[in-house]
Participant: 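Encoded as structure tokens, here's the structure I'll be asking about.
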Amino acid sequence: MAKALPKRSENYSEWYNEIVKRADLAENSAVRGCMVIKPYGFAIWEKMQRALDDMFKATGHQNAYFPLFVPKSFLEKEEEHAEGFAKECAVVTHYRLKANPDGKGLIVDPDAKLEEELIIRPTSETVIWNAYKNWIQSWRDLPLLINQWANVVRWEMRTRIFLRTAEFLWQEGHTAHATEQEAIDETHQMLGIYAEFAEGWMAMPVVQGIKTESERFAGAEETFCIEALMQDGKALQSGTSHFLGQNFARVFDVQFVNKENQLEYAWATSWGVSTRLMGALIMAHSDDNGLVLPPKLAPIQTVIIPIYRSPEDLATISKTLEPLIGQLKAAGISVKYDDSDHQRSGWKFAEYELRGVPVRLGIGMRDIENGTVEVARRDTLTKDSRPIDFSQPEAFVAGIKELLDEIQDAIYQKALDFREANTFLVDTWEEFKEQIEKGGFIMAHWDGTAETEAAIKEETKATIRCIPLLSADMAGKCVYSGRESPKRVLFARAY
RNA sequence: CGGGGCGUAGCACAGCCUGGUAGUGCGCACGGUUUGGGACCGUGAGGCCGCAAGUUCGAAUCUUGCCGCCCCGACCA
């Protein structure tokens, strides 16, 4: 028997690492800090991409692609942006290798030094706005609504698979607008799309909010985010949407002629989500038996496992199941019929649980005689036997479709209940220090100063995840300084 | 970059202290018995013991240097 997963309660990070490996999502690569995303993991990412991409397209965005390399001079232009990213950039200095004259192997050819170093993009604002300079002349060229799916590199000190890798996959939207208000509206719209995706597809409730100045994206006027609570009580920033003002338009000189024939700088936004969402998905729902996937993102929504003794039985079962498999597919349900002969049914049960397949159907000779199917739910680990007409399985399939919807809702509700049970209103500093050790979201008053924010971080490792958008203003006293505060903000320890 | 741990078969590890034929479990291949919650028996394949130098008749084992990975901190989507 294969080793059980580590328990969440005993060693959360080991549980996480093991689940990533054992569910066959990804593995560490030979390259430090970088991951190999395996087919099953990539299939989930592709489903995320598809859903998000459809939402981007539905709101008028188009995909394009910009280069991996950013000339150093581009990155330097926007001062805060440059400062924010400088310490985590991979730099290309040469363009050629040559045989080592002193021995084996290859060396960097010193004669092939680049005149200007190229940065491997940590984000693409600069390359993209350099291009936009030529794309935008008139108000008629606006808004310009572009997204790209790409990889980026941020040379992190310490990495964790999916959550923080040196190279990761993401999408970055970069839009240009004629007015400030339009850009602000876009920033909000995309934040809303991220929240809708997180909640509707990932079944992961999120808090939408504004970042404080110290947590803001380098070069942005305002950063909005969605924050989710993981099962170990830590927060995970799961998406960001930035209002960039005219900062990048100014430094790249992107001006357009408005309706009054006057030159104006364009207004910008950028927004992104990354393969970090894979980590969020794992940590939001999975249990000690393995991954739990929301049906909308599961590469396999239903797995069918035949239970048999002889090859003849298997042939009978396979034949009997043909209409059912056909109907499931016709209903748009992704189904895998695992009739492989080298693993036994019990092994398969455990394996598909580990991989988070939402619904498992077990069918043996007894079921065929009785006209039943064993239906097992991954989220609750419950089983029941349902009647089926194997030659006309439409009614049964409708029931499975319903069940998948029910599971999607149930795991969202479970995650929401967890978040509500782990969100605390805290009014005293003593209580704050005590609660932060236990984990969870803390809603507390803050005096609005960076000093207080830094002091709280220093003393408790908790950061202000965001100033929530949807909670009402209600004045109070800062939990740390006792000064006036207009509303509560969201504190947590974060990934 | 600090502190800790580890590099031996695809994976998990033992062997190292005290130098002398490279091992165990899982997985893999083949055969058989099994099959409603991770089956069992038998046979077999699979290794430059992280790399390099040194000590030695002889190094997985001792010495030195290097490289890599993981965990904990500082930095971060």
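Letters A, B, ... mirror the listed sequences (proteins, then strands); counts begin at 1.
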Participant: Both distances under 3.5 Å, Watson-Crick or G-U wobble: report the partner of B:C40, or none.
Facilitator: B:G32
Participant: Among B:C28, B:A77, B:G36, which nucleotide sits nearest the side chain of A:Gln343?
Facilitator: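 Looking only at side-chain atoms, A:Gln343 lies closest to B:C28.
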Participant: Considering every strand shown, what is the Watson-Crick or G-U wobble mate of B:A60 when both distances are under 3.5 Å?
Facilitator: none
Participant: Classify the nucleic acid contact of A:Thr165 as base, sugar-phosphate or nothing, counting any heavy atom under 4.0 Å across all strands shown.
Facilitator: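 It contacts base atoms.
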Participant: Which value, in whole Å, describes the distance between the C1' atoms of nucleotides B:U18 and B:A74?
Facilitator: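 Comparing C1' positions in B:U18 and B:A74 gives a spacing of 43 Å.
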Participant: Without decimals, in angstroms, what is the distance between A:Ile307 CD1 and B:G37 P?
Facilitator: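 Taking CD1 of A:Ile307 and P of B:G37, I get 8 Å after rounding.
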Participant: B:C70 and B:A12: how far apart are their P atoms, nearest whole angstrom?
Facilitator: 13 Å
Participant: May I ask you to say what A:Thr240 touches in the nucleic acid, namely base, sugar-phosphate or nothing, with a heavy-atom cut-off under 4.0 Å?
Facilitator: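 Here A:Thr240 touches no strand at all.
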Participant: More 5' along RNA chain B: A:Asn28 or A:Glu167, using each one's nearest nucleotide?
Facilitator: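 Counting from the 5' end, the first nearest nucleotide belongs to A:Asn28.
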Participant: Considering only the C1' atoms, how many Å lie between B:G10 and B:G46, rounded to the nearest integer?
Facilitator: 9 Å
Participant: Considering every strand shown, what is the Watson-Crick or G-U wobble mate of B:A77 when both distances are under 3.5 Å?
Facilitator: none
Participant: Look at the side chain of A:Glu351 and decide which nucleotide, out of B:G38, B:C28, B:A77, has an atom nearest to it.
Facilitator: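 For A:Glu351, the side-chain atoms sit closest to B:G38.
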Participant: Could you please name the partner base of B:C13, counting Watson-Crick and G-U wobble pairs only when both distances are under 3.5 Å?
Facilitator: B:G23
Participant: What is the separation between atom OH on A:Tyr194 and atom P on B:A77, rounded to the nearest whole Å?
Facilitator: 14 Å
Participant: Establish, yes or no, whether the cationic atom of A:Arg360 lies under 6.0 Å from the six-membered ring centre of A:Phe349 and within 45° of the ring axis.
Facilitator: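 Yes, cation above the ring, under 6.0 Å and within 45°.
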Participant: Is a donor-acceptor pair below 3.5 Å formed from side chain A:Arg309 to base B:G36, judging by atom type as modelled?
Facilitator: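 A donor-acceptor contact between them is absent.
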Participant: Could you identify the nucleotide paired to B:G47, looking across every strand shown and requiring Watson-Crick or G-U wobble geometry with both distances under 3.5 Å?
Facilitator: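 In the structure as shown, B:G47 has no Watson-Crick or wobble partner.
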Participant: Taking only the P atom of each, what is the distance from B:U64 to B:C17 in whole angstrom?
Facilitator: 15 Å
Participant: I'd like to know if A:Lys234 and A:Asp232 make a salt bridge, using a cut-off of under 4.0 Å between side-chain N and carboxylate O.
Facilitator: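 No, this pair does not count.
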Participant: Does the distance from a Lys or Arg side-chain N to an Asp or Glu carboxylate O, for A:Arg216 and A:Glu222, drop under 4.0 Å?
Facilitator: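 Yes, charged N to carboxylate O under 4.0 Å.
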Participant: Measure from the side-chain N and O atoms of A:Tyr194 to the backbone N and O of A:Gly272, and report whether any donor-acceptor pair falls under 3.5 Å.
Facilitator: yes
Participant: Name the nucleic acid region contacted by A:Leu236, choosing base, sugar-phosphate or nothing; use a 4.0 angstrom heavy-atom cut-off, strictly under.
Facilitator: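 Here A:Leu236 touches no strand at all.
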Participant: Write down the distance between CD1 (A:Ile305) and C1' (B:U35), rounded to a whole number of angstrom.
Facilitator: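 Atom CD1 in A:Ile305 sits about 13 Å away from atom C1' in B:U35.
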Participant: What nucleic acid atoms does A:Asp367 come within less than 4.0 Å of, heavy atoms only: base, sugar-phosphate, or nothing?
Facilitator: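 Contact class for A:Asp367: base.
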Participant: NE2 of A:His81 versus C1' of B:A77: gap in Å, rounded?
Facilitator: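 Answer to the nearest Å: 14 Å.
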Participant: Contact class for A:Lys348 (heavy atom, under 4.0 Å): base, sugar-phosphate, or nothing?
Facilitator: nothing
Participant: For B:G73, does the base pair up with any side-chain atom of A:Lys461 as donor and acceptor (N or O, under 3.5 Å, distance only)?
Facilitator: no
Participant: Quick one: A:Asp24 CG to B:G10 C1', roughly how many Å, whole number?
Facilitator: 13 Å
Participant: Can you tell me which nucleotide in B:A74, B:G37, B:G36 comes closest to the side chain of A:Phe349?
Facilitator: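 Nearest to the side chain of A:Phe349 among the choices is B:G37.
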Participant: Phosphate oxygens OP1/OP2 of B:G36: is one of them under 4.0 Å from a side-chain N or O of A:Arg344?
Facilitator: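 Indeed, a polar side-chain atom of A:Arg344 lies that close.
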Participant: Mark yes or no: A:Arg419 above the aromatic ring of A:Phe441, with NZ or CZ under 6.0 Å from the six-membered ring centre and no more than 45 degrees from the axis.
Facilitator: no
Participant: Mind checking if A:Lys21 touches a base, just sugar-phosphate, or nothing, with heavy atoms under 4.0 Å?
Facilitator: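 Nothing, no heavy atom under 4.0 Å.
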Participant: Within this structure, what is the OH-to-P distance between A:Tyr495 and B:A77, rounded to whole angstrom?
Facilitator: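 Rounded to the whole Å, the gap is 16 Å.
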Participant: For nucleotides B:G50 and B:A60, find the distance between their P atoms and express it as a whole number of Å.
Facilitator: 10 Å
Participant: From the set B:G36, B:G37, B:C75, return the single nucleotide nearest to any side-chain atom of A:Met157.
Facilitator: B:C75
Participant: In whole angstrom, give me the gap between the P atoms of B:U61 and B:C48.
Facilitator: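 These two P atoms come out 16 Å apart once rounded.
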Participant: What I'd like to find out is whether the side chain of A:Leu293 reaches to under 4.5 Å of the side chain of A:Pro299, using heavy atoms alone.
Facilitator: yes
Participant: At 4.0 Å (heavy atoms only), tell me whether A:Gln237 reaches a base, stays on the sugar-phosphate, or touches nothing.
Facilitator: sugar-phosphate
Participant: Ignoring hydrogens and angles, tell me if any N or O in the side chain of A:His81 forms a donor-acceptor pair with the backbone of A:Ala218 under 3.5 Å.
Facilitator: yes
Participant: According to the Watson-Crick and G-U wobble definitions, with both distances under 3.5 Å, which nucleotide is paired to B:G68?
Facilitator: B:C6
Participant: Rounding to an integer number of Å, can you tell me how far A:Asp288 CG sits from B:G37 P?
Facilitator: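 To the nearest whole Å, that distance equals 22 Å.
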Participant: Specify the residue among A:Asn17 and A:Arg360 whose closest nucleotide of RNA chain B lies further upstream toward the 5′ end.
Facilitator: A:Arg360
Participant: Using the P atom in both, what is the distance from B:G47 to B:U8, to the nearest Å?
Facilitator: 15 Å
Participant: Checking all strands, does A:Phe168 fall into the base, sugar-phosphate, or nothing category for heavy-atom contacts under 4.0 angstrom?
Facilitator: base
Participant: Quick one: does A:Glu353 reach the base of B:G37 with a side-chain donor-acceptor pair under 3.5 Å?
Facilitator: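 Check passes, donor-acceptor contact within cut-off.
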Participant: Between B:G7 and B:C16, how far apart are the P atoms? Round to whole Å, please.
Facilitator: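 Looking at atom P only, B:C16 and B:G7 are 13 Å apart.
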Participant: Between A:Asp287 and A:Arg8, is the closest basic N to carboxylate O distance under 4.0 Å?
Facilitator: no
Participant: Once you round it to whole Å, what is the distance between C1' of B:G38 and CG of A:Leu354?
Facilitator: 11 Å
